[in-house]
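A quick write-up on the structure given underneath.
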Amino acid sequence: MDKDASERRVVVGVDGSQSSYDALRWAVRYAGLVGGTVEAVAVWELPGLYGWSGPAVDMDVDEDEARQKMSRELTDALGADTAGSVRTHVVHGNPADVLLRAAEGAEALVVGSRGRGGFARALLGSVSQHVSQHASCPVVIVRSARQ
């Protein structure tokens with residue numbers, strides 16, 4: 001991921017959840033206020049990839065599918081014009097680790113919170129909790145009003 005020190009970058013994690021779409025919209029509004037650019041990061045992992053046997057699927061197919069899905073989701077969440085101004089990255093790895101690396105030198109890291117209702121709604125998701133404790137920049141955690 002390109003990290004030009006002279007520009008103000010707002011990094012946002014996108015995972016297909018409603019709260020990540022709300023985080024994406026928040027990141028776009030904030031970047032507009034500070035004159036920055038938005039970098040949307042989607043992270044994918046293959047279950048069992050690190051087990052005893054190799055993966056039984058073509059890893060390139062999953063990455064291509066993830067890129068296409070992300071493009072559709074950005075257009076649905078932001079509209080075609082705004083989605084076109086967002087830089088996108090689809091990265092294989094651990095979501096929290098990838099987001100922390102992407103946010104190095106960023107103006108802010110924006111993530112959604114994926115509470116599940118009741119008492120669990122008051123808790124942060126594991127990724128949002130991890131990045132809030134370890135990021136080198138301010139972290140904004142956006143909770144969807146529609147949860």
Side-chain angles (χ1 to χ4, degrees), residues 1-79 82-116 120-144 147:
M1 285 168 256
D2 299 328
K3 295 179 180 125
D4 181 356
S6 65
E7 76 177 346
R8 299 179 102 172
R9 296 179 309 113
V10 179
V11 176
V12 58
V14 179
D15 67 3
S17 68
Q18 184 60 50
S19 63
S20 79
Y21 298 150
D22 291 339
L24 177 64
R25 286 186 281 271
W26 193 97
V28 167
R29 285 191 305 272
Y30 180 72
L33 292 173
V34 299
T37 60
V38 176
E39 293 186 5
V41 179
V43 184
W44 62 277
E45 289 184 288
L46 292 174
L49 179 62
Y50 304 106
W52 287 97
S53 63
V57 295
D58 180 358
M59 290 176 59
D60 292 333
V61 172
D62 291 334
E63 187 172 357
D64 290 341
E65 184 177 317
R67 287 184 195 287
Q68 292 170 6
K69 182 178 180 188
M70 184 177 190
S71 178
R72 287 190 306 270
E73 289 175 352
L74 289 179
T75 300
D76 290 347
L78 300 173
T82 304
S85 68
V86 174
R87 294 180 187 162
T88 61
H89 304 282
V90 177
V91 182
H92 175 258
N94 174 278
D97 293 340
V98 169
L99 288 172
L100 288 171
R101 280 194 312 273
E104 290 174 4
E107 181 81 13
L109 171 60
V110 185
V111 293
S113 176
R114 298 180 82 183
R116 301 202 189 283
R121 178 175 241 195
L123 303 175
L124 295 176
S126 60
V127 172
S128 58
Q129 183 174 15
H130 187 83
V131 300
S132 70
Q133 294 172 348
H134 299 284
S136 59
C137 65
V139 176
V140 177
I141 301 170
V142 178
R143 182 179 303 280
S144 175
Q147 290 180 336

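Sequence positions, counted from 1, serve as the residue numbers for this chain.
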* To do: Could you pull out all residues at least two apart from A40 that satisfy side chain to side chain contact (heavy atoms under 4.5 Å, CB included)?
  =>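 A40 satisfies side chain to side chain contact (heavy atoms under 4.5 Å, CB included) with V12, V14, L24, M70, L74, V86 once adjacent residues are dropped.
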Worksheet entry | For S85, all residues meeting side chain to side chain contact (heavy atoms under 4.5 Å, CB included), sequence neighbours excluded |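 T82.
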Has R67 got a side-chain atom pairing as donor or acceptor with T88's backbone, closer than 3.5 angstrom?
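Not a single qualifying donor-acceptor pair exists.
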| task | Look only at the side chain of S71 and the backbone of Q68, and say whether a donor-acceptor pair between them is shorter than 3.5 Å. | result |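 Pair absent, no side-chain N/O of S71 close to backbone of Q68.
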For residues [X] and [Y], report the shortest heavy-atom separation together with the two atoms involved.
X    : Y    : result
L109 : A135 : CD2-CB, 4.5 Å
A103 : S136 : O-OG, 4.3 Å
V38  : A31  : CG2-CB, 3.5 Å
A23  : V110 : O-CG1, 3.5 Å
G13  : S20  : O-CB, 3.7 Å
V111 : S128 : CG2-CB, 3.7 Å

**Report entry** From E7 atom CD to E107 atom CD, the distance as rounded to the nearest 0.5 Å
**Finding:**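 Those atoms lie 11.0 Å apart.
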H130 NE2 to L99 CG distance, which is reported to the nearest 0.5 Å
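Between H130 NE2 and L99 CG, I get 10.0 Å after rounding to 0.5 Å.
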Cationic N near anionic O, under 4.0 Å, K69 to E73 =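 A salt bridge is present here (some side-chain N lies under 4.0 Å from a carboxylate O).
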- State, yes or no, whether a side-chain contact exists between D15 and P95 at a heavy-atom distance under 4.5 Å.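 Counting from C-beta outward, D15 and P95 never come under 4.5 Å.
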